[in-house]
Amino acid sequence: MGKSSLLNALVKRKVARTSAAPGKTRLANYYRVQRGTARAVYLVDLPGYGYARGGDPAAREFNRLVEAYFARDAVEIGVLLLVDTRHPGLESDLEAWHWLRGQPCPSAVVGTKVDKLTRAERARHARDLESVFDGPVLLTSAETGEGLDELWKMIASLPRPTAA
Ligand SMILES: Nc1nc2c(ncn2[C@@H]2O[C@H](COP(=O)(O)OP(=O)(O)OP(=O)(O)O)[C@@H](O)[C@H]2O)c(=O)[nH]1
Ligand SMILES: [Mg+2]
């Protein structure tokens with residue numbers, strides 16, 4: 001899907017490990033990022049869910065990890081759901097979005113790997129994504145850097161955590 005790659009592209013450093021085969025990221029990895037004089041944020045790289053279906057142990061482990069993450073941090077986080085721009089409306093993505101919208105934290109959908117689309121596909125997939133997710137979807141590429149400035153703006157505009 002390109003979650004770890006997008007994080008690396010955002011911070012312009014190869015901090016998160018990536019792999020062509022899914023299932024590389026197994027834990028919630030926190031990266032504290034300070035840009036200029038802006039407040040520091042934590043970017044949290046989570047495992048994907050697409051490879052772990054149904055009742056298999058990887059799926060159960062994923063659900064446990066994500067539920068623990070949300071239970072602990074839900075009041076302070078914003079969540080970006082990353083979806084592969086080439087495949088708008090996968091059932092697993094729609095399920096995740098449905099669940100996420102029921103959570104108290106702000107959330108948004110981000111399309112990855114837009115560099116892999118032709119111009120014609122791009123226009124069509126952009127339309128399809130906004131239709132299935134019922135709102136704006138920011139298109140990005142870790143490869144070309146497209147959409148990263150807008151993504152930083154989106155991250156910066158997430159509500160400030162309430163003081164503990
Ligand atoms: N062309 C292109 N390839 C990308 C882009 N982002 C990621 N990739 C490739 O997609 C593959 C998966 O990338 P990862 O960043 O490891 O994906 P992930 O979502 O973190 O995967 P897991 O941690 O296994 O869930 C790698 O081969 C990346 O090089 C992109 O924007 N453009
Ligand atoms: Mg990863």
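As the structure is a computational prediction, the values presented were derived from the model and not from experiment. One-based numbering, in listed order, for ligands and for the atoms of each. Below, all heavy atoms of this structure are taken into account, side chains as well, without hydrogens, waters or symmetry copies.
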Novice: I'd like to check Val132 versus Leu94 (side-chain heavy atoms, cut-off strictly below 4.5 Å). Are they in contact?
Specialist: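 A side-chain contact under 4.5 Å exists here.
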
Novice: So is there a nitrogen or oxygen of Leu46 less than 3.5 Å from a nitrogen or oxygen in ligand 1?
Specialist: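 Between Leu46 and ligand 1, no N or O pair is found under 3.5 Å apart.
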
Novice: What about Leu6: any of its N or O atoms under 3.5 Å from an N or O on ligand 1?
Specialist: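 No; every N/O pair is 3.5 Å or more apart.
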
Novice: Thr25 versus ligand 1: do any nitrogen or oxygen atoms come within less than 3.5 Å of each other?
Specialist: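 N/O-N/O distance below 3.5 Å exists for this pair.
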
Novice: Just by modelled atom types, is the Gly111 backbone N or O under 3.5 Å from a matching donor or acceptor in the Thr140 side chain?
Specialist: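 Between the backbone of Gly111 and the side chain of Thr140 there is a qualifying donor-acceptor contact (under 3.5 Å).
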
Novice: Which heavy-atom pair separates Leu148 from Leu10 by the least distance, and what is that distance?
Specialist: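 Nearest heavy atoms, Leu148 then Leu10: O-CD2, 4.0 Å.
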
Novice: Does Lys113, backbone or side chain, put an N or O under 3.5 Å from an N or O of ligand 1?
Specialist: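 By distance alone, the answer is yes.
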
Novice: Using distance alone, determine whether Gly2 and ligand 1 share an N or O pair under 3.5 Å.
Specialist: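 Yes, since at least one N or O of Gly2 sits under 3.5 Å from an N or O of ligand 1.
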
Novice: Side chains of Val41 and Arg35, heavy atoms from C-beta outward: is any pair under 4.5 Å?
Specialist: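 They are not in contact (no side-chain heavy atoms under 4.5 Å apart), so the answer is no.
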
Novice: Any salt bridge between Glu146 and Arg122, counting N to O under 4.0 Å?
Specialist: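 The answer is yes: the pair qualifies as a salt bridge.
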
Novice: Okay, side chain of Glu150, backbone of Met154: is any donor-acceptor separation there less than 3.5 Å?
Specialist: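 Flag not set: sc Glu150 to bb Met154 has no pair under 3.5 Å.
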
Novice: Pull out every atom of ligand 1 sitting under 4.0 Å from any heavy atom of Ser141, numbered as shown with elements.
Specialist: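 Those of ligand 1 that fall under 4.0 Å from Ser141 are 31 (O).
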
Novice: With nothing but distance in play, are any N or O atoms of Ser4 less than 3.5 Å from an N or O of ligand 1?
Specialist: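 Looking only at distances, the answer is yes, because the N/O contact criterion of under 3.5 Å is met.
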
Novice: Looking at every heavy atom in both Thr25 and Leu27, which two are closest together, and how far apart are they?
Specialist: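 That would be CG2-O, 3.5 Å.
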
Novice: Give me the atom names and distance for the closest heavy-atom approach of Trp97 to Ser107.
Specialist: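 That would be CZ3-OG, 3.6 Å.
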
Novice: Has the side chain of Thr112 got a donor or acceptor atom that lies under 3.5 Å from a matching backbone atom of Met1?
Specialist: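 At least one qualifying donor-acceptor pair exists.
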
Novice: So, is Lys24 polar-close to ligand 1, with some N/O to N/O distance under 3.5 Å?
Specialist: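 Yes, at least one N or O pair falls under 3.5 Å.
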
Novice: Where is the tightest heavy-atom contact between Leu90 and His87, given as atom of each residue plus distance?
Specialist: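 Scanning both residues completely, I find the closest heavy atoms to be CG-O, 3.6 Å.
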
Novice: Going by the atom numbers of ligand 1, which of them fall below 4.0 Å from some non-hydrogen atom of Lys3?
Specialist: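 This gives 15 (O), 17 (O), 18 (P), 19 (O), 20 (O), 21 (O), 22 (P), 25 (O) as the contact atoms.
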
Novice: State, yes or no, whether a side-chain contact exists between Tyr31 and Val44 at a heavy-atom distance under 4.5 Å.
Specialist: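 A side-chain contact under 4.5 Å is absent here.
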
Novice: Measuring from the heavy atoms of Asp115, does anything fall under 4.0 Å of ligand 1?
Specialist: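 Flag set, Asp115 near ligand 1.
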
Novice: Whether the side chain of Glu143 engages the backbone of Asp115 through a donor-acceptor N/O pair (distance < 3.5 Å, no angle test) should be reported.
Specialist: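 Checked: no pair found.
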
Novice: Indicate yes or no for a side-chain donor-acceptor contact from Glu130 to the backbone of Arg127 under 3.5 Å, with no hydrogens or angles considered.
Specialist: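 Flag not set: sc Glu130 to bb Arg127 has no pair under 3.5 Å.
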
Novice: Nearest non-hydrogen contact with atom 31 (O) of ligand 1 belongs to which option: Gly147, Ala142, Ala16?
Specialist: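 Result: the heavy atom closest to atom 31 (O) of ligand 1 is in Ala142.
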
Novice: State whether the shortest distance between N or O atoms of Pro22 and N or O atoms of ligand 1 falls below 3.5 angstrom.
Specialist: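 Among all N and O atoms of Pro22, none is under 3.5 Å from an N or O of ligand 1.
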
Novice: What do you reckon, does Ser5 have a nitrogen or oxygen under 3.5 Å from a nitrogen or oxygen of ligand 1?
Specialist: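 N/O-N/O distance under 3.5 Å: yes.
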
Novice: Relative to the Mg ion (ligand 2), how many protein N, O or S atoms have a separation of less than 2.8 Å?
Specialist: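 Protein N, O or S neighbours of the Mg ion (ligand 2) under 2.8 Å, waters not counted, come to 2.
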
Novice: Report the part of Ser19 in contact with ligand 1, treating N, CA, C, O as backbone and CB onward as side chain, heavy atoms under 4.0 Å; options are side chain, backbone, both, neither.
Specialist: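 For Ser19, only backbone atoms sit under 4.0 Å from ligand 1.
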
Novice: Looking at Gly48, which atoms of ligand 1 are within less than 4.0 Å of one of its heavy atoms?
Specialist: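 In order of numbering, the contacting atoms are 25 (O).
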
